[in-house]
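Take a look at the structure below.
Values in this document were obtained by computation on a predicted structure and should not be read as measured data.
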Amino acid sequence: MPSPAVDSLLKMALFATQMLTSPNFTGPNRELLVSRYYINECAFALDGLAKSIDERDVSTSLALWEYGKDSFNSYLSILNRSISPKVGDKI
């Protein structure tokens, strides 16, 4: 059973695939490939973060945290573009 962090990365990949894949096009589009890249970068940051915490290396831990946070935010910005705005009254 994967750890919760790894499990969340797997779910991120599944969610990106569902949101960014068109039923009319069988291959992965550019946004899907870029979102997978950011998921891989989050995984890299998590692995390095675990190692640096074990070694009690604060500066590396903080740098990897920022790197992972930036990768996660970039992933979200790609996915947010595919979510259609709410239909209805706009105030």
### Query
Which heavy atom in I78 sits nearest to a heavy atom in V34, and how many Å separate them?
CD1-CG1, 3.2 Å

#### Entry: E66 vs D70 side-chain heavy atoms within contact, under 4.5 Å
no

### Task
Report yes if the side chains of R36 and T17 come closer than 4.5 Å at any heavy-atom pair, otherwise no.
yes

### Task
Taking T21 for its side chain and Q18 for its backbone only, find out whether a donor-acceptor pair lies under 3.5 Å.
no

### Task
Please round to the nearest 0.5 Å and tell me the distance separating atom CZ of R81 and atom CD of E31.
7.0 Å

### Query
Is there a side-chain contact between L9 and L46, using heavy atoms and a 4.5 Å cut-off?
yes

### Query
Closest approach of C42 and G68, non-hydrogen atoms and distance?
SG-O, 3.9 Å

### Query
Cut-off 3.5 Å, side chains only: do S82 and N80 have a donor facing an acceptor?
no

### Task
Could you tell me the separation between the OH atom of Y38 and the OG atom of S74, rounded to the nearest 0.5 Å?
4.0 Å

### Query
If we only count heavy atoms from C-beta on, is the M12 to F72 side-chain gap below 4.5 Å?
yes

### Query
Does one hydrophobic cluster hold both L76 and L10, with members joined at side-chain heavy-atom distances below 4.5 Å?
no

### Message
Treating Y75 as the side-chain partner and A13 as the backbone partner, does any N or O pair qualify as donor plus acceptor under 3.5 Å?
### Response
no

### Task
Determine whether L49 and L62 fall in the same hydrophobic cluster, where Ile, Leu, Val, Met, Phe, Trp and Tyr are linked whenever their side-chain heavy atoms lie under 4.5 Å apart.
no

### For the student: nearest non-hydrogen atoms of A16 and L79, plus distance
CA-CD2, 3.9 Å

### Task
Find out whether S3 and V6 are in side-chain contact, i.e. whether some heavy atom of one side chain is under 4.5 Å from a heavy atom of the other.
yes

### Task
Might you work through the side-chain contact (heavy atoms from CB on, under 4.5 Å) test for S35 and L33, ending with a clear yes or no?
CA-CA 5 Å; S35 70; L33 295 174; over 6 Å; no

### Query
Quick one: do F15 and L20 end up in the same hydrophobic cluster if we chain Ile, Leu, Val, Met, Phe, Trp and Tyr together by side-chain heavy atoms under 4.5 Å apart?
yes

### Task
Show your reasoning for whether salt bridge (charged side-chain N to carboxylate O under 4.0 Å, His left out) applies to K51 and D47.
CA-CA 6 Å; K51 290 175 187 172; D47 290 341; over 6 Å; no

### Message
Ignoring hydrogens and geometry beyond distance, is a side-chain donor-acceptor pair present between T60 and S52 at under 3.5 Å?
### Response
no

